[in-house]
Amino acid sequence: MSTIKYLLPILVIALASNNVFAKTIQGKVMASDNNETIIGASIFVPVAELKKIGSDKVNVSTVTDLDGNFSLEVPDKTKSIECSYVGYSTQSVPLKDNISNMVITLKSSAQLDEVVVTGYQKIEKRKLTAAISTVNVNDNMLGDVMSVDQALAGQVAGLSSVATSGAPGAPAKIRIRGTASLNGTQDPLWVLDGIPMEGTSLPSMEDLKDIDELYSSSVAGINPADIETITVLKDAAATAIYGARAANGVILITTKSGKVGKTKITFSTRLSFSPKTDIDRLNLLNSSQKVDLELDLLKSGYTYRENKGDVSRIIASAGLTDSYKANGWNALTSDVQGRINNLRSINTDWNDILFRSTFNQEYNLSLSGGNDKATYYTSLGYNDEKGNVVGVEANRFNLVAKTSYRLSRRFKVGASLFANRRVNKSNLTDADGFTNPVYYSRRANPYQTPFNADGSYNYDTDIQGKEDSDLKFNIFEERDGTSYELETKSLQAILDAEFRINDQIKATTQLGIQLDDTNKEMVADHDTYAMRKDKERTTLAVLNNTSFLPDGGKCTNAASTNSQITWKLQGEYSNKFADIHELEGMVGTEIRKTWYKASTATLYGYNRKTLQSVAPIFPSDTWAKQYPLSTKSYSENAYASFFATASYTLLHRYTLGGSVRFDGSDIFGVDKKYRFLPLYSVSGLWRLSDEPFMNEVEKINNLAFRLSYGIQGNIDKSTSSQVTGYYQNITMLPGYTEDMIVVGTAPNTKLRWEKTKTFTAGADMSIFNNAISLSLDYYNRDGSDLIAIRMLPLESGFSSMYVNWASMKNDGFEVSINTRNIHTKDFMWFTNFNFAYNNNKVLKESVPENQTTPGREGYPVGAIFAYKSAGLDDEGYPLFYNKAGEKVNAQELLKLNSYGGSTLTAAEQRDLYTYIGSSDPLFTGGLMNTFTYRNFELSLNFIFNLKMYVKTTPSYSPTNFDRGLNSNADILNRWTSTNTNTLFPVLMQSGYRQAEYARYSEFGLYEQLDTWVKRGDHVRLQNVRFAYRLPSEWVKKASMESVTVALEARNLFVFGANYNNYLDPETMGNQFAQPIPKTFTFSLNVNF
Amino acid sequence: MNRLFKYILSATLAFTLISCDDFLDIQPTGKVIPQTATEFREFVTNAYSIVPSDRGKSTFRSDEFIMDAALSKEDLNSYKDIWTWNDDSPSESTSSFDWRSYYQIMFSANYTIDSKDKITNGTPAVINQLVGECYMLRAYMHFLLVNLYGEPYTACDPATTKAIPLKMNTDVDKVLSRNTVGDVYEQILRDIDEAEKLINVESWETGLTYRFNTVSVDALRSRVYLYMGRWKEAYNASKKVLEKRSELEDFSKYLPNDFRSVESIVSLERNLTAQFQKAGKVNKTFYNLYASGDLRRSKYYKLLTASNIQALKGGDDNYRCTFRTGEIYLNAAEAALESDEIGIAEAKTILLSFMKTRYNASSFTAKEALINNMAIDDLRAELYNERARELAFEGHRWFDLRRTTRQELQKIYSGETFILQQNDKRYTLRIPSEAVAANPELAN
């Protein structure tokens, strides 16, 4: 009825202008894909038709009602009408005999009329003013990945994805259009079917370097096989509606859902093989080289850890150290010589015995279908992946159930449930970094053997962390005696309802619940290094030099629950006036609450077999506090937001859009004026190809220009203008416990909002019957008052605090080209190329007075600065170029005091550095070629990151080279009196050139040399896939719909600028990360 | 219908807007902004709790301990380079002397001092006491810093020798440079004066005796003046303490540095922690300073074997000690000895009244005769030795060595000899490199 109320004025206008009406047409509009009626489809007589028949009207049109019916009076001579609807191809319908009971079936359109899901709305692509990329998720795109974030590399222009490690389930670091903010998360916001996900931000890269820390992002809980599309929102016009959390872009995951029609069953499996990594590239020393090195060092008088290494020990045990130093090899007895030479014959291949080739499997089964009342999608998935490091593995079990009901013409409801359980396992390396097998395999001596002749563990006393320990360590004992497991159980439920008031207005609401339950279990048995270390630390004089920890192992359980509830309510209005004015609007509100609860419990004297433990008796409260048996923490946060969007389209080709959002959150100790944060965007679109004069240009199918501008903001919630603290208790004197308030962060009264302004200009074009489609985007993101952590002078009482630090600009362009190169009946060749250039520049930076490294003003935020090296002096100490271009040593460069401290002012010290390059790639992109010939398909996917630098770790420290460890071959080429033509410095002695020595050993000067900054550019053949679809006649006989088999190779080659001594250019910055593995996969996909 | 929808929508929005402020008003569990006197007390308690054990750690640098290869590797890693004064190339895991904690405590103290007029829910007496303690904390932290990282007042020109930066406010941005030894001491004295005006608790109940009280004001003055060589003032301050607290421990129940001992004035610092206790063996030469009639020999030490002697004056929180009566007696005696106005006779009286409780009767009689016959130099040496014996392993020895004799020390580890020469510049610690890295001004 309300339809009529709205249409009436239009009809009245139409009536008034011409009173000659000959016929009324009636009928209904259906959708071809689900046989449902379409509400709100436009039925109109085209303007050209009106002109042709000589009518003086400008507009004859109507829209379908809630049942999909329409009724329209048209001029007598009208030969055809047109029908259009969002997401469907406009159809021209000739008027023949049956004009009172017409059925118009619209086909869903592939190109422009497609809708784009933004999470809040569905927008017709033709009205899209924002920079949005959509990726259809299919086998070809996914390949053998466990989690979808790993598959996004090279898929979307402007999105860079860098693997953090090659361990199974390791998250990928994703950046959209460069780095926007420096504080807190730089990760995009992930949204699952309209509900933002919690637990997706990655720990900082520093923590990820600690590769043994298990971490599972909630993105890893989603089975890629359940995903239909991934939409990436890149500019402010698209992300402003998501509020402050969307400053780094938004990635929307739309999962598969049931379609009306017969039940479809899909089964797929992937079986992969990943061979053991070859570490020849690392150039580690073999036994003979290592023995020679140790002999040389002992003789040279280099004293750092002189007692380390078998050579020193053998010589020392014979009491010949001094005579060897004086007289060399010949001073050794033949027995000692023999024992040393014997070491040369042992060559333990640690890589071979600590790593493995792996076999991974994945199975997915889904069931979907439905009728006009309800649709459903149910799936089960299992994925099991093993890491190349023995003991590292991950598995996941997924269940998805989605149903959608159409209760009445007006009312639709849906319910989705995503459940998964995932387990990650790794080695327990809590005690010391060197117990990590990757580290161990690179640092253990090649002459060291893991077992004695009698099969007992041969303990390694050379492998050390920072300290010189005599605790027994054996990598195999450690691997067998410890375990580390992270189990995550995750449940997400999304309930949504849509109520259509009339064909212009609908109300939708969505309730999302997420519950992630994680349990980390770390066990160390009694006979492990980890436990010995704990025992040593708790050994006390008052206990007659025994430990207060009971005999046995230890078991720590850390449990945490992360939950959130999000509720969205929104009203949408859309209408069309006079066929040329289209108006859409939406207002809504969203509230969200999150809870985090964590507890840990530690058992001592633990026995894995009996599950029994013994309570330790602590000698004092202080010790009890240091070895807590249980801890607990809890936090909650609340968010409330209001938002609105509107768009107006004129003549189908001019669109103006805008959105605004107020984001509110609970903040503590911060002025309430910061509680609500306004964000907005405005945008416009001009579809040039729809201009009448472009009708002549047939080769251009689509040409449109976009402009958008938006502002986003962020405030650091952890910083307060007041002194805030949290409670703890303390026992100062035995028997008397009090509460105390611990200060968390330095107060900062000057903290302001961080603001990011984004401008985007884009163009979309398709030509030659859509054979080439091209998207171009230019953007400019200006961040001001950016918040970042600043190191404080320790005299402030704090080590760091958050400050408004700088303003920064990202500008760049993105190109994405899809071409259909060859298209014949049997053979097709498609190319997808995307390319992005992002130039980041710090515009203004307040460099703190105490900072000794250069400010980044005028440089990228990832700027790497280094001292310009100038070779070595005649004693093998590094030389530097000073500002005058002269070669000077560290003493002269830095004017060191006798303790290695520089007496230059901080400003003078800053000035000594030279800019080398940025750690963020300037160019990123991907190139994918797909060839199909009959039932065969071949695709090749390259990705590239160009013009980037990596700061690597020096291959040895000139002051603290530990002879007990293996090393790469650079140490053999160090400066000595007989090897002066080299770039590698001498091993320095404490006491000689002491100021320089201290500078190298305590202030890490050697790492600051430009020698260690390398180009990180690389091109990777991400995957190659060869698939074969079984002929349908065979398949049909087995009553199947389709069967596809495929072979895939992932990460076959990587071409890098120069990554000698490293396994992969992508992991150069972190030499002990698990290398990115090669995998070979067989997959099978069956549809019933 | 359209209108109805509008009403519903606006009603919903209005409702959510109103209830929103409540919804967002979350008091985070366990988080607080100090405002009341109770909260400020808890805030200052945290400052007390982080006072470093650096005086205890300095035991390794003095002659109290020896180290040998039989000790645990971890302990050798942590302390051997401190013990051998190897500041040039210490092992990476060498335990470092603190820097930031002192300033963190001063941040809390300064903040409380600045907030004096804004503290709510407290009587003036309670607030004055708390703020007075903060002046004491600031004074004492500056005192510890200047004695770790600055030249001794009596062995340099205090007016020109740079030591450590004074921190007098809560500004976190300001980059400070080092003040002179003289400036630091002057400020310490001013802070003690301020504290005196405010502090009003004479003694705390058991369990809270780590807090400063009225007696501790003069106890700190006594030590500061002694370190400055201002003998008359040191003597006067000591006497004021002794007027109120003169009782000495008789060893029947507690060691004198136990917080339950009658000598306890302030039981704040952990000196010989459990870690330190295990990491070193008592130096036999040092042990031999105790004569057989000395009651302390068997109370302070345990002979595990003939060469392995364990120090018993620590190992847990019972032995938190910053000021105690025993030290004040010795301060008074030393000040009297050095002061021309007071004189050696008074020094002998005080010293003997103290020693009476430390020796058995026959030994004391012998000591008494000896001391009464001593000239000033011998008495000074005896006094220094008595100070070493009494205050051993309480974090005094290193500070005393560096301000008094600055003698040569020798240590032997596995046949290798390490020497700290007379007046060696290593009698003063270098400022930690992480502090210099965060503030390059400290290198000048």
#### Entry: Partners passing ring-ring contact (aromatic ring centres under 6.0 Å, His included) against Tyr102(B) (at least two apart in sequence or in another chain)
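Here no residue qualifies.
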
### Task
Only counting residues at least two apart or in another chain, list the ones meeting ring-ring contact (aromatic ring centres under 6.0 Å, His included) with Tyr1000(A).
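Applying ring-ring contact (aromatic ring centres under 6.0 Å, His included) to Tyr1000(A) gives none.
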
Which value, rounded to the nearest 0.5 Å, describes the distance between [X] atom [atom1] and [Y] atom [atom2]?
{"X": "Asp317(B)", "Y": "Tyr736(A)", "atom1": "CG", "atom2": "OH", "answer": "15.5 Å"}
{"X": "Thr45(B)", "Y": "Met740(A)", "atom1": "OG1", "atom2": "CE", "answer": "8.5 Å"}
{"X": "Glu39(B)", "Y": "Tyr727(A)", "atom1": "CD", "atom2": "OH", "answer": "4.5 Å"}
{"X": "Thr852(A)", "Y": "Asn439(B)", "atom1": "OG1", "atom2": "CG", "answer": "10.5 Å"}
{"X": "Gln104(B)", "Y": "Glu795(A)", "atom1": "CD", "atom2": "CD", "answer": "13.0 Å"}
{"X": "Asn729(A)", "Y": "Glu42(B)", "atom1": "CG", "atom2": "CD", "answer": "11.0 Å"}

For chain B, the option from [options] that forms the most heavy-atom pairs under 4.5 Å:
{"options": "Pro793(A), Ser990(A), Pro734(A)", "answer": "Pro734(A)"}
{"options": "Gln994(A), Met801(A), Met791(A), Gln728(A)", "answer": "Gln994(A)"}
{"options": "Ala995(A), Ser633(A), Ser799(A), Gly991(A)", "answer": "Ser799(A)"}
{"options": "Ser1001(A), Ser902(A), Ser796(A)", "answer": "Ser796(A)"}

Of the backbone (N, CA, C, O) and the side chain (C-beta and beyond), which part of [X] lies under 4.5 Å from a heavy atom of chain A, both, or neither?
{"X": "Tyr111(B)", "result": "side chain"}
{"X": "Pro90(B)", "result": "side chain"}
{"X": "Arg41(B)", "result": "neither"}
{"X": "Glu441(B)", "result": "neither"}
{"X": "Thr206(B)", "result": "backbone"}
{"X": "Phe43(B)", "result": "both"}
{"X": "Asp87(B)", "result": "backbone"}
{"X": "Tyr48(B)", "result": "both"}
{"X": "Lys302(B)", "result": "side chain"}
{"X": "Pro165(B)", "result": "side chain"}
{"X": "Ile431(B)", "result": "neither"}

Heavy-atom closest pair, residues [X] and [Y]:
{"X": "Asn897(A)", "Y": "Ala443(B)", "value": "ND2-O, 3.6 Å"}
{"X": "Thr724(A)", "Y": "Ile33(B)", "value": "CG2-CG1, 3.5 Å"}
{"X": "Pro747(A)", "Y": "Phe107(B)", "value": "CD-CZ, 3.7 Å"}
{"X": "Ser267(B)", "Y": "Leu733(A)", "value": "O-CD2, 3.9 Å"}
{"X": "Ser49(B)", "Y": "Met732(A)", "value": "CA-SD, 3.6 Å"}
{"X": "Ala435(B)", "Y": "Leu794(A)", "value": "CA-CD1, 3.6 Å"}

### Task
Under 4.5 Å heavy-atom distance to chain B, tell me which part of Thr539(A) shows up: side chain, backbone, both or neither.
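Both parts, backbone and side chain.
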
#### Entry: side chain to side chain contact (heavy atoms under 4.5 Å, CB included) assessment of Asn46(B) paired with Ile741(A)
CA-CA 6 Å; Asn46(B) 177 51; Ile741(A) 295 173; 5.8 Å; no

### Task
Find out whether Tyr997(A) and Asp88(B) are in side-chain contact, i.e. whether some heavy atom of one side chain is under 4.5 Å from a heavy atom of the other.
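Heavy-atom side-chain distance check fails, nothing below 4.5 Å.
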
